[in-house]
Each structure stands twice: as C-alpha cells, then as structure tokens.
Amino acid sequence: MTYRTDHATDLDSTRIGDTVSVAGWVSRRRDHGGVAFIDVRDASGIVQVVADPASIPVVEDLRMEYCVSITGAVRERPEGTVNEELATGEIEIHADEVVVLSPSKTLPFMLDDRTEIEERTRLRYRYLDLRRPRMAENLRARSRVTATIRRTLDGMGFLEVETPTLIRSTPEGARDMLVPSRLRQGDFYALPQSPQLFKQLLMIGGVERYFQIARCYRDEDFRSDRQLEFTQLDLEGSFWTQAEVLDTVETVLKTAATEIRGGEMTEPFLRVTWQEAMDRFGSDKPDIRFGMEIVVLDDVFADTEFGVFSGALTSGGTVRGINAGPRELSRAQADVLVERAKELGAKGLVWMQVTDDGSLRSSVAKFLSYDEKTGLVSRLEAEPGHVLLIAADRWQTVSAVLGGLRLDLGRPQGHDDLAFLWVTDFPMFEVEDDGSRTFSHHPFTSPALIEDMVADPDTALSQAYDAVLNGVELGSGSIRIHDPAVQRQVFEVLGIDAETAERRFGWFLDALDYGTPPHGGFAFGIDRLAMVLQGEESIRDVIPFPKTQTGVDPMTEAPAEVDDTQLTELGIRLRPEVIAARAEDTETGEVSRGDV
RNA sequence: GGGGGCGUAGAACAGUCUGGAGUGUUCGCCGGCCUGUCAAGCCGGAGGUCGCGGGUUCAAAUCCCGUCGUCCCCGCCA
C-alpha cells in the first residue's frame, strides 16, 4: 500500500477529480450521524475529509490524534461550505478508504493553541506538545534559520568545522559541566562553555574563515532565556578587523531575520558604545524599541537642599531620572516601584506625578526648590499626568535601577518589531565585589590600546562587542590577542602570574608563539534569535526538549541516579552528606520530580 | 543563596480574602440522537488524595507552620 500520495496542503481546486491518499493525524472529527468530517493534519497543514459512516464504519471509531491514512477523491466543496480560514478550504476529500495506522489514547491535553497548558505538563508529553501548530512552526522556523546561516556563510567562503565537546576544564567564567573519565579515574572532562580557544587554534591552524553551529554548556541558574545547554553560531576569522566582523555578523542576522519575517532590512544596525548604552538606557543590552531614556539631572540639583540628592552628588554620584510617561500612580503602585528599585540595588527611589495644574505630586516635593522643580519638569519634558522616577547614587547603581524600571514600565509585549543594535567598546575589566579585577569578556580579548590598559586598567576599553535584539543579548565577540607579549600583560593586570597562566592555559599559550594571525570573531545564540524572531518570550519554546528551572526534563526525568557499578568504573563515590540527604528524601516520601 | 506568583476532575479555570457536605463553568472522556460541519449541535453519564505533611478548630480547598513542584525576578551567567 501507499501511505500517501500528497501532503494536505498540496491539494487545491486544480486537483479536483484526482484520487489521492493523505496520511497524518485526526485533528478533529465532526460526526453528524449520516456524514462525518475528519480534519486530517500532517506536517504541511490540514485538509478536510468527508466520510459516510454507513459505508466506512471505521470512521465511528476515530478519535483525536489517531494516526490515519485516507484515500479518496478530491472534490469541490458544495456551495456555501467553503472554509476561508483553511488553506485547503475550497476542497475536500471524499473518503473511499480509511486506515487506522495507529490509535491514540485519550490526550492529556488539547493540542490546539487556544489554551495555555502548564509547561510542566507540556514537557512531560513534549512529543504531543510539538504537534501543536505554534510549536511545530517554531521548529520549522529554527530549521530555516540554521539553513539560512549555513547557506550564507558557505557563500562567503567559511569552513564549517566541529570542535570537541569533551575538553579540559578552564575554571573561569561560568561553572563547567563535568564528565568523569573512566580510563583515567579521578580526571574529568568539561563540556565546552563555548568553542572559544579551539576556534582560535583553528586560526593558528590556517583556517581563515571558520564557523560552527555549536552546542554549549554553562552550569548556571535558569532564566526564561537561559538553559544549561544551548546552541551558538560560532564564527572566527583571521586578518579581520572589528568592522569586518560586525559587517559579516550583521549580514548573517539580517538574512536570518528576513528568512523568518520577510521584507527587506536595508538599514544598518544602530551602533552605540557601552558607555552610551549604560548612560541612555541603563543596560548593556538596551531595548531600543521604545524611548524613556535616562536623563542626567546633576546640574538641576547642583545646589539642592534635598539630602538624598546632595549626598549622592557630593560623594561623586549622580542624580538621573526617566519620564515614565502618562500613567496611573497610586500610593500602592508607587510602593511597588520603590520595592523594585531596591531589588535592583537602590537605597530608594523618588517618584513624582505631574498634576493637572503642572505642580508635582510627590512625597519629596516639599524639599525641592521652585527652580529645581521647573528644571526637572523641563529637562524630563514632563506634562500633566506624566510619572517621573529619579534615582541618586553611584552611576552604576543609578543606571541599573533606572534601566530596570525603564524595562518594567516601557517594554513592549511580544516581539513584533525587531530592533537590532551593536554595543561596542566594552570596558576591558570589571571590578568584583571583593575589589579584585576580572575580565569583562574573556581573558583573550584584545585591549583597544595596550598603552591605555597599562596606564589605567579600570578605564581601559577592549575590542569587544555585543549584538542585541529587542533587549535580548544575542551574543558577543571580540578581536583576540595574537601577540604573546600582550597576552602576558593582560594576565599580569588580571593578577594571574606566569606560573598559573602556564598551568591553566599553557597548551593554548604555546600555540600563540607560532606565528598567530590577527583574528577575531563572534558567537550568537541560535535559540535566542529564534525565540525573538518567532515572537516567543521563552527560550524553551524554541527548544524541542528543554529542561525546567531545576534542570529537570519532566519526560525522561533526567538527571537521575546511576547504578553503583557505573560509579565504580569511574572511581566515584557520593559524599556522605549527599547520600544522607537523598535517604532523608526517600524516608519522608517526598517526590522530588516526575509527579505528573 | 534570596524575593514573588501559582498548585482544585485528563486540560483550562472559578471557589480561598470572610472556615460550614467536593459546589460550579468551559474543553476533553463515555453512551445515545443527528446528512454539510469546520471549536459542529442536542440529550444523558462518568470522573476529585483541593500538591504533600503537620497544626488550630466542633468543622479546613479556605486560617497557621513546614515541605515539594513549577514559573518570573535578584544574585549568578568569561
């Protein structure tokens, strides 16, 4: 037999009279007794089948999601029964034969897109969830994105190269996922956080243009845009300047966006420096789909009597504000904003609302002079009804607080618009809470000017850059250090002595000594790109089998314990406190997972 | 590590504030009727550890404590 001759959406009025077979799933069955309608769904879409239960009794047995093959004649729908909503709505298949290939149990949830099913249940039955139109479309879109990327880079002469996923742990950056070695008990591989050093070695190896669609692993806490494992487009080139890297990545992103969204993207991506991004938007990954930019108010309050502002200014801080536009602001709503500001690191938050007569309603208005109030209103272009939010602190804190509130109050729902952005000129280093200095990108990033870095590391800029889309950090890259002497200087500034550097990265530093070409590159998250292009709010909706926030796959119940013999082979024994904690969980009968 | 939301039938919810019999809605499921539907319709029916444990009370889905799960956020994410 033949399961099918055509996909559902291959059929239209030009096929009227043809005898065809379609195969797929019963999306709906509408049984009128004397006649039954069956919506058959396959990967292409839906086509309606009409069957006479008297001549084909099996249609009485059909239930949702039965897997079927149906043969019959394509015919025009009778007058008045055309379904405009359906691509195949002008025709239907008059069934001659209905074969149940595979029945289905009653579904754990409905597969249409009309109700939001709890995500855990969807993940428990992900194979069913993937049949839902939205998820099926996300899978297809993602495939088109990667196909487009491959086509584009191949056309530019890039070589696709795979790098190992069992590598040596380099305990910088994120926490490594570890894999124990059986052949060398006590030693561990790490899964790559990125192919960073391997792609640089490919440059040294003479591969002048490299890319890879690479799975990466970072053992950090989950967010709506973060998973333990994710996929990056990783690319690198030799004899490349920053401008050339950005142009190439921009082309790739544009073709991918065009592939999914259509239209044509002619405008170059906006470029801002890191400092400008922080000052204007309070974020190194600004969402520029809306304004509400941060405004400096230092001069307005230069002589203020208001202690919170004057205190910040005299201690080298700053006073800045945003105009959150016209909105309601009850006392309770204001309290929520203040709490949120504190969560973002502020000691407090000054809120005001411009009243109809132009005066300011605020708990602190009485502390401000007339000039200060008028200056504030004019600087923030405030009009009656507008809500103004002002923070005073170190500029980093003020930026974080106002940047966070700006997103809370102004960020558009969904991803209908696409606002790409380059953020360049990242600082070379960051100061940690304990006062130590760390790299802000990675330790192989080239400083903008080596002289600046030596003179004042904490203000020195690097040749690192990020790509941002709708406030989502898609990825980052940099021009790398190709001069071993510069690499040594960077380690020195980072407080990594030669011996430590040799122990951790010796294998890589050796390679730098053999005629390393100047090189640089970039990597961006395919999952995040697909998420935004598909208008999704969660990375999990573009990953076929993602994990929950606690790192669990509700379907397979990974991670799970392994046989003791497996541990023995690896020379591993669980620590006593771990065994004790697990025993306690078992005793109290608590179910840690899988309780669906 | 911390803050917050949620957890009631197979699914999505209401009920919880203000304690009084597992009360209800929609979808699904089972049975019946039905020849033009497309979320078909009509009639009937089944289905519940109110996440779990403890406490308060004559009485707990409801109040209190703990805990598990899940989602969002802060920290973390070179």
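In what follows, chains are A, B, ... by sequence order, proteins preceding strands, each numbered from 1.
Residue pairs meeting the ring pair (Phe, Tyr, Trp, His ring centres under 6.0 Å) criterion with at least one member in residues 32-63 of chain A, sequence neighbours excluded: His32(A)-Phe37(A).
For Glu430(A) and rC76(B), the CD to P distance is 10 Å, given to the nearest whole Å. In this structure, the CZ atom of Arg120(A) is 11 Å from the C1' atom of rG51(B), given to the nearest Å. Summarising the geometry, the separation between CG on Leu337(A) and P on rC73(B) is reported as 18 Å, rounded to the nearest angstrom. The distance between atom CG of Asp221(A) and atom P of rC71(B), rounded to the nearest whole Å, is 12 Å. The interatomic distance linking Arg122(A) (CZ) with rC71(B) (C1') rounds to 12 Å, in whole Å. The CG-P distance, from Leu344(A) to rG3(B), rounds to 17 Å in whole Å. Distance Gln549(A) CD to rG75(B) P: 15 Å, rounded to the nearest Å. Regarding Asp408(A), its CG atom lies at a distance of 17 Å from the P atom of rG4(B), rounded to whole Å.
A salt bridge links Glu65(A) with Arg131(A): the closest approach of a Lys/Arg side-chain nitrogen to an acidic carboxylate oxygen falls below 4.0 angstrom. No salt bridge links Asp553(A) with Arg126(A); every basic N to acidic carboxylate O contact stays at or beyond 4.0 Å. Under 4.0 Å is where a charged nitrogen must lie from a carboxylate oxygen, and between Asp287(A) and Arg411(A) at least one such pair does. Salt bridge absent: Arg77(A) and Glu90(A) never bring a charged side-chain N and a carboxylate O closer than 4.0 Å. Between Arg575(A) and Glu577(A), at least one side-chain N (NZ, or NE/NH1/NH2) sits under 4.0 Å from a carboxylate O, which counts as a salt bridge. Salt bridge Asp393(A)/Lys347(A): present, at least one basic N to carboxylate O contact under 4.0 Å.
Of the two residues near RNA chain B, Phe222(A) and Lys547(A), the one whose nearest nucleotide lies more 5' is Lys547(A). If Ser440(A) and Thr548(A) are placed on RNA chain B by their nearest nucleotide, the residue sitting closer to the 5' end is Thr548(A).
Note on ring orientation: taking the six-membered ring where Trp is involved, the planes of Phe505(A) and Phe491(A) are parallel (angle under 30°, cut-offs 30° and 60°). Using cut-offs of 30° and 60° for the angle between ring planes, the Tyr127(A) and Tyr125(A) rings count as perpendicular.
Atom CD of Glu76(A) sits in a sparse spot, with 12 or fewer heavy atoms from other residues, nucleotides or ligands closer than 6.0 Å.
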For nucleotides 34-41 of chain B, give me one character per nucleotide, 5' to 3': B if any protein heavy atom sits under 4.0 Å from the base, S if the only such contacts are to the sugar-phosphate, - if neither.
BBBBBBB-
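Base pairing of rC63(B) is made with rG55(B), judged by Watson-Crick or G-U wobble geometry with both donor-acceptor distances under 3.5 Å. With both pairing distances under 3.5 Å, rU18(B) is matched to nothing as a Watson-Crick or G-U wobble pair. Base pairing annotation: rG28(B) forms no Watson-Crick or G-U wobble pair, as no partner gives both donor-acceptor distances under 3.5 Å. Using Watson-Crick or G-U wobble geometry with both donor-acceptor distances under 3.5 Å, rA46(B) finds no partner in any strand shown. Taking a pair to require two hydrogen-bonding distances under 3.5 Å in either a Watson-Crick or a G-U wobble arrangement, rC38(B) remains unpaired. Here rG69(B) sits opposite rC6(B) as a Watson-Crick or G-U wobble pair (both hydrogen-bonding atom distances under 3.5 Å).
Across all strands shown, Thr170(A) has no heavy atoms under 4.0 Å from either base or sugar-phosphate atoms.
When the C1' atom is compared between rG24(B) and rU67(B), the two are found 31 Å apart, to the nearest whole Å. Annotation: rG5(B) and rA14(B) have their P atoms spaced 15 Å apart (nearest Å). Using atom C1' as the reference point in both rU18(B) and rG2(B), the two lie 33 Å apart (nearest Å). Separating the P atom of rC50(B) from that of rA11(B) is a span of 15 Å, rounded to the nearest Å. Comparing rU62(B) with rC71(B), their P atoms are spaced 25 Å from each other, to the whole Å. Nucleotides rU26(B) and rA39(B) are separated by 11 Å at their C1' atoms, to the nearest Å. rC27(B) and rG47(B) have their C1' atoms separated by 14 Å, given to the nearest Å. Nucleotides rA9(B) and rG22(B) are separated by 16 Å at their P atoms, to the nearest Å.
Proximity of a side-chain donor or acceptor of Gln463(A) to a complementary backbone N or O of Gly477(A) within less than 3.5 Å is not detected.
Close to rC30(B), at under 4.0 Å from its OP1 or OP2, lies a side-chain N or O of Arg63(A). Applying the 4.0 Å criterion to OP1 and OP2 of rC73(B), one finds that Arg226(A) has every side-chain N and O outside that range.
Between the side chain of Arg340(A) and the base of rG4(B), no donor-acceptor pair under 3.5 Å is found.
Within the model, atoms CE of Met428(A) and OG1 of Thr438(A) stand 11.0 Å from one another, a figure rounded to the nearest 0.5 Å.
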Output a table of nitrogen or oxygen pairs between the protein and nucleotides 9-12 of chain B separated by less than 3.5 Å.
residue	atom	partner	partner atom	Å
rG10(B)	O2'	Pro108(A)	O	2.7
rA11(B)	O4'	Pro108(A)	O	3.3
rA12(B)	OP1	Glu118(A)	N	2.7

